[in-house]
Chemist: 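Okay, here's the structure, questions in a sec.
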Amino acid sequence: MEDVWLTARLLNTLAPKIKEQQLSDLLRTIEIPLVTVLADMERCGVRVDTEQLEKMSLELDSHIAALERRIFSIAGEEFNINSPRQLSFVLFEKLNLPTSRKTGKAGHYATGVEVLEDLAFSYEIAQLILDYRELVKLKNTYLDALPRLVDPATGRIHTTYNQMVASTGRLSSSNPNLQNIPIRSELGRSIRRAFVAEPGFSILAADYSQIELRVMAHLSRDPVLVEAFQKGEDIHERTAREVFGDKSGLSREETRRRAKVINFGIMYGLSAFGLSKSLKIDRHEAQQFIDEYFKRYSGVRDWINATLAVVERQGYVTTMMGRRRPIPEIRSKNWNLREFGKRTAINAPIQGTAADLIKMAMVAIHRRIEEEGFRSRLIMQVHDELVLEVSDDELEAMRTLVRKEMEEVAELVVPLEVDLGVGKSWYEAKG
DNA sequence: CCTGACTCC
DNA sequence: CATGGGAGTCAGG
């Protein structure tokens, strides 16, 4: 019965890929073995303390109600804050706040976080709406939804990992999505306190440090980038030094923050316009930063140009392990689509290679757990992070095993580094 | 069923 | 001309 189910899953999830990729080593060594790993992860699930979530939800209720009252009082009327249309009317037509750009086709003014953040400096209501939105999102999407998805039979949440949705080769997770549990804001992050280990077990969180930038270093062989990772430098500091020198007049924190935006942006094919927007600086200044970046990291520039030449010739790009991403947009007559194709061509080998690597590590870890008879198990994957529920007597062995299999999954020209954390909850494990 | 808003890497 | 990659969920319309 189990075999029938696995076979069905294999066909459903992989059949389209087999057509696209032929029967390559990628399928033989990664995707097919991964089918059983994911099936085990889904079957095991993750323990969630629903009482904790319900308590947080009740607390949020009163905060949300209070925010609502203040917003209505400033607005001078009650309306549906969740309706972009009604909100737009209240902010920009009734209260006459400085008007934002109009949105796509609905025709009303945009009320997105970017717009509201700018207004929040001068108008209390904008900040209140941002706070309201954060709380409502956390309550609806996580605090109230997750408890309903606990399987009464196991007392745990069983997500579905999809092996063929993301065109770069990443996994995706749904029902619920366990790959977008909040972490950035402290309030959101505290939701992770409810993701707990069962008695006698602990949560072990293992995440790759800067894996995409390391992959870019490997693919491009850029000497500066490679050297920085080999010496274990703080890569954003290094970029800050390279791009801004020490004559920028900005604080170290500020140049590092900007360098971080540039480092990530480069991998997404960002433009001077995009950089100026996210750093809130002049476009020409943004262009100078990008020029300076490519002067210092000329290996990255050359790799990008070589990648674009490849995609224009063959219509697809490949990851380190041979995963293909077709990019038909590159031949479009539409400028927008073509530019989109270029950005995709730059990003796909990086994101896709990182996906290859963590998938290989998952297969290796799963195999060793089985062969060596551990009771610990893989329970989640979040793109560059693996989460395990580890039997307390196996803790030290698993720390060593997981680090080794992740760091030695492949030999790149730069080291792969893994950060490990242990705790009784996912929150604690990532402290 | 789409859009715009939010969440994550 | 428009302008940073990949996802999922929710509410509103």
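Reckoned from all heavy atoms, side chains included, excluding hydrogens, waters and symmetry mates. Naming convention: chains lettered A, B, ... in sequence-line order (proteins, then strands); numbering from 1 in each chain.
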Chemist: With the side chain of A:Thr141 defined as its heavy atoms from C-beta on, choose the nearest nucleotide among C:dT3, C:dC10, B:dC8.
Modeler: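 Selected nucleotide (nearest to the side chain): C:dC10.
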Chemist: Hey, are A:Lys139 and A:Asp61 close enough for a salt bridge, meaning a charged N less than 4.0 Å from a carboxylate O?
Modeler: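 Yes, charged N to carboxylate O under 4.0 Å.
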Chemist: Counting just side-chain N and O atoms, does A:Arg170 come under 4.0 Å of either OP1 or OP2 of C:dG6?
Modeler: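 No, outside the criterion.
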Chemist: Ring centroid separation for A:His236 and A:Phe264, is it under 6.0 angstrom?
Modeler: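 Yes, close enough.
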Chemist: Would you name the heavy atoms of A:Pro415 and A:Gln230 that are closest together and state the gap between them?
Modeler: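 Minimum heavy-atom separation between A:Pro415 and A:Gln230: CD-CA, 4.1 Å.
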Chemist: If the cut-off is 4.0 Å, is A:Ser271 near the phosphate of C:dG4, judged by side-chain N/O to OP1 or OP2?
Modeler: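 For C:dG4, OP1/OP2 do have a side-chain N/O of A:Ser271 under 4.0 Å.
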Chemist: Stacking between A:Tyr268 and the base of C:dG5 (centre distance under 5.5 Å, interplanar angle under 30°)?
Modeler: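 Per 5.5 Å and 30° rule: yes, stacked.
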Chemist: Return yes when atom CZ of A:Arg70 has more than 12 non-hydrogen atoms of other residues, nucleotides or ligands closer than 6.0 Å, and no otherwise.
Modeler: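 No, because the 6.0 Å sphere around CZ of A:Arg70 holds 12 heavy atoms or fewer from other groups.
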Chemist: With heavy atoms under 4.0 Å as the rule, sort A:Ile181 into base, sugar-phosphate or nothing.
Modeler: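 The answer is sugar-phosphate, as A:Ile181 gets under 4.0 Å only of primed atoms, P, OP1 or OP2.
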Chemist: Quick one: is A:Arg184 getting a side-chain N or O under 4.0 Å of the B:dC9 phosphate, OP1 or OP2?
Modeler: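 A:Arg184 to B:dC9 OP1/OP2: side-chain N or O found under 4.0 Å.
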Chemist: Donor-acceptor check, side chain of A:Thr239 to backbone of A:Ala259, threshold 3.5 angstrom: yes or no?
Modeler: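 Such a contact is absent between A:Thr239 side chain and A:Ala259 backbone.
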Chemist: Distance between the C1' atoms of B:dC6 and C:dA2, in whole angstroms?
Modeler: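 That atom pair is separated by 24 Å.
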Chemist: One thing to verify: whether A:Arg257 and A:Glu254 come together as a salt bridge, which I'm taking to mean a side-chain N less than 4.0 angstrom from a carboxylate O.
Modeler: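 Salt bridge present between A:Glu254 and A:Arg257.
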Chemist: Can you see if the side chain of A:Thr111 gets near the phosphate of B:dG4 - specifically, an N or O under 4.0 Å from OP1 or OP2?
Modeler: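 So the side-chain polar atoms of A:Thr111 never come under 4.0 Å of the phosphate oxygens OP1 or OP2 of B:dG4.
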Chemist: Among residues 254-263 of chain A, which residues get a heavy atom nearer than 4.0 Å to DNA chain C?
Modeler: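 Contacts with DNA chain C under 4.0 Å: A:Val261.
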